[in-house]
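Have a look at the structure below, then the notes.
None of these values were measured; they are calculated from a predicted model. Every number for a ligand or one of its atoms is a count from 1 in the order of the listing.
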Amino acid sequence: MIDRTIVKQIRDIAGKENVFEDKETRICYSYDATNIKYLPDLVVYPRTREQIAAILKLANEAKFPVIPRGAGTGFTGGTLPVAGGVVLVLTKMNQILQIDRDNLLAIVEPGVITADLQKEVEKVGLFYPPDPASLKTSTLGGNVAECAGGPRAVKYGVTKDYVLGLEIVLPTGEIISTGVQTVKSVVGYDMTKLLVGSEGTLGIITKIILRLLPLPKAKRTMLAIFPSIEAAATTVSQIISSRIIPTTLEFMDNATIRCVEDYLHMGLPVEAGALLIIEVDGEPDVIAREILDIQKICLANRALEAKVAKDDQEAEELWKARRSVSTAVVKLNPTKINEDITVPRSQVAEILRRLEAIAKRNQLVIVNFGHAGDGNIHVNVMIDKRRPGEEERAHAAVQQIFEAALDLGGTLSGEHGIGVTKAPYIAMELGDMGVEVMKRIKKAFDPNNILNPGKIFPDHKARGARE
Ligand SMILES: Cc1cc2nc3c(=O)[nH]c(=O)nc-3n(C[C@H](O)[C@H](O)[C@H](O)COP(=O)(O)OP(=O)(O)OC[C@H]3O[C@@H](n4cnc5c(N)ncnc54)[C@H](O)[C@@H]3O)c2cc1C
């Protein structure tokens, strides 16, 4: 528990109207999308970087944990207060400070909702591509801290490809700016790249400079239905190797299709082995050719149907189906162990074969969907912990899933990060020395380990009150 005098000091810093100690509020900030719960001691909504700096200075003197939080949609427990402490909720720092049309950039506070920035820049003909499926709730600070991706990553890359610079409050309370507002810069170490994806363990992001693109003139969206996973996966490889880079190439297996149909009742083909949602964007005449070429590849691979959406509304319906997947699959079993391995694109068919074998071997329901176009498969092990032995078998399956991904030249996580749930596995990919070097970086930034302790590194023992 945090000392009474500390609570009083934090109230003086942030204003008592922004500091909450009641159990109801603390419960609201005890969990994220993992649904694992640890109760914080205090919840604070800072309004300025100076308030954050003062709280971090105090945390270093009094040695209490501080955990930054955006919208709490993280899938790996990054914002859980596993050692108790103060949760700093950044959602009130939510101003779009500038949209610079001459230099194609935006400057925002961390609490801006991803979709809100996208809407604002599109009004002036600009484009912010990263589009996590959580974009209507997630914050840009959370996106930067996790290096979020989304369906458009196939063509446009992920959050790190758009962050030009950051303002950061260091764990010791100093404030630094990293990066630039120019297209180029090579001054010193690339601190911006280090901080993007650092999961709130190296600093608190208080300002973000984002690169923007011109808004593509047109887009076409297609739904292709396949008799088998194999046929869909081969289609993905052939589209990429035919040198067409679609904006998105999303994949759902049969179990996912059934869950989404059950949830939305929109007429999805529940007998299909798999489906792909494919989008292209750019100059109208170019994409008209590309979508026809893609249609031919789908049909050559035994697609039962490859239908282009007739208008924006029909396309939006398809995207609604895709964005509902995470919520819809929970009907299969109450607990979802959600992994997001990524393999080289040429290995998508092979990883799907191996995943099927892992599900059979461990007698588990495993549902697969995701960003097939960049090899990022969301593997969802759906379990009911009340059934004896199921949780243990699921953990064995997770280990096998990671081994399969690494064996095919892939990675443990394409976009969800490590947080607490994947921490036990990171040495499988990084090796012991790789983990050790990262620990040294953490120590250089945060000598007293007060900022978001218990994340990323495997050897932390949770001390907080797990609800
Ligand atoms: C339905 C659903 C769909 C999703 N789809 C995708 C997807 O397609 N692609 C994808 O990449 N992710 C996806 N996610 C995961 C999640 O939305 C992203 O990781 C997102 O970036 C988290 O943003 P947030 O604001 O909710 O952050 P939080 O969950 O609040 O925090 C995430 C991490 O960021 C840190 N953090 C937050 N704000 C700051 C800050 N200002 N400074 C420093 N650290 C900070 C936290 O400490 C924590 O470690 C999905 C989640 C859900 C629930």
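Near G70, meaning under 4.0 Å from one of its heavy atoms, ligand 1 places the atoms 25 (O), 28 (P), 30 (O), 37 (C), 38 (N). Within ligand 1, counting atoms from 1 as listed, the ones closer than 4.0 Å to a heavy atom of N452 are 47 (O), 49 (O). In summary, the atoms of ligand 1 found under 4.0 Å from a heavy atom of P110, numbered by their order in the structure, are 41 (N). Counting the atoms of ligand 1 from 1 in the order shown, those under 4.0 Å from a heavy atom of R69 are 30 (O), 37 (C), 38 (N). For ligand 1, the atoms closer than 4.0 angstrom to any heavy atom of G78 are 47 (O), 48 (C), 49 (O). Remark: ligand 1 atoms within the under-4.0 Å shell around heavy atoms of A133 are 3 (C), 5 (N), 6 (C), 7 (C), 8 (O). Taking every non-hydrogen atom of G200 and a distance limit under 4.0 Å, the qualifying atoms of ligand 1 come out as 43 (C), 44 (N). Listed by number with element, the atoms of ligand 1 under 4.0 angstrom from any heavy atom of A148 are 11 (O), 21 (O).
A tilted orientation is assigned to the rings of H378 and F369, their planes being inclined by 30° to 60°.
In this structure, P151 has no heavy atom closer than 4.0 Å to ligand 1. At least one heavy atom of T79 sits less than 4.0 Å from an atom of ligand 1. In this structure, I67 does not count as a contact residue of ligand 1, since none of its heavy atoms falls inside 4.0 Å of the ligand.
In terms of N/O distances under 3.5 Å, ligand 1 is approached by P68. In terms of polar-atom proximity, A145 is not counted as a contact of ligand 1, lacking any N or O under 3.5 Å from an N or O of the ligand. When only interatomic distances are considered, the shortest N/O to N/O separation between R322 and ligand 1 does not fall below 3.5 Å. Checking only distances, I204 never comes within under 3.5 Å of ligand 1, N or O to N or O.
For the side-chain contact (heavy atoms from CB on, under 4.5 Å) criterion with I377, the lone passing option out of L355, D253, T342 is L355. Results of the side chain to side chain donor-acceptor pair (under 3.5 Å) test with T206 over E109, R49, E167 single out E167 as the only residue that passes. Of the residues D281, D161, D374, the one that meets the salt bridge (Lys or Arg N to Asp or Glu O under 4.0 Å) test with K155 is D281.
Ranking the protein heavy atoms by distance from atom 18 (C) of ligand 1 puts T73 OG1, 4.1 Å first. Atom 33 (C) of ligand 1 has as its closest protein heavy atom E146 OE2, 3.1 Å. The nearest heavy-atom contact from the protein to atom 52 (C) of ligand 1 is F75 CZ, 3.3 Å. Of the protein's heavy atoms, N143 ND2, 3.6 Å lies nearest to atom 20 (C) of ligand 1. For atom 27 (O) of ligand 1, the closest non-hydrogen atom on the protein side is G142 CA, 3.5 Å. For atom 25 (O) of ligand 1, the nearest protein heavy atom (residue, atom name, distance) is T139 OG1, 2.7 Å. Remark: minimum distance from atom 11 (O) of ligand 1 to any protein heavy atom is reached at G149 N, 3.0 Å. In this structure, the protein non-hydrogen atom closest to atom 43 (C) of ligand 1 is G203 O, 3.5 Å.
For Y156 and F127, the ring centers are positioned less than 6.0 Å apart.
Looking at S413 and D340, their side chains do bring a donor and an acceptor atom within 3.5 Å of each other. Remark: the T192 side chain and the T178 side chain contain an N/O donor-acceptor pair separated by less than 3.5 Å. In summary, the side chains of E279 and W319 do present a donor paired with an acceptor at a separation below 3.5 Å, with no hydrogens or angles considered.
For I52 against I204, the heavy-atom pair with the smallest separation is CG2-CD1, 3.9 Å. For T76 against D32, the heavy-atom pair with the smallest separation is C-OD2, 4.5 Å.
Here atom 13 (C) of ligand 1 lies nearest to H416 when heavy atoms of E250, K136, H416 are compared.
With a heavy-atom cut-off of 4.0 Å, S326 touches ligand 1 through its side chain alone.
Under the 3.5 Å distance criterion, the side-chain polar atoms of R345 are left unmatched by any main-chain donor or acceptor of S237. Side chain of N376 to backbone of G370: no donor-acceptor contact under 3.5 angstrom is found.
Contacts of T91 classified as side chain to side chain contact (heavy atoms under 4.5 Å, CB included), with partners at least two apart in sequence or in another chain: Y45, V89, T139.
More than 12 heavy atoms of other shown residues, nucleotides or ligands fall within 6.0 angstrom of atom CD in E17.
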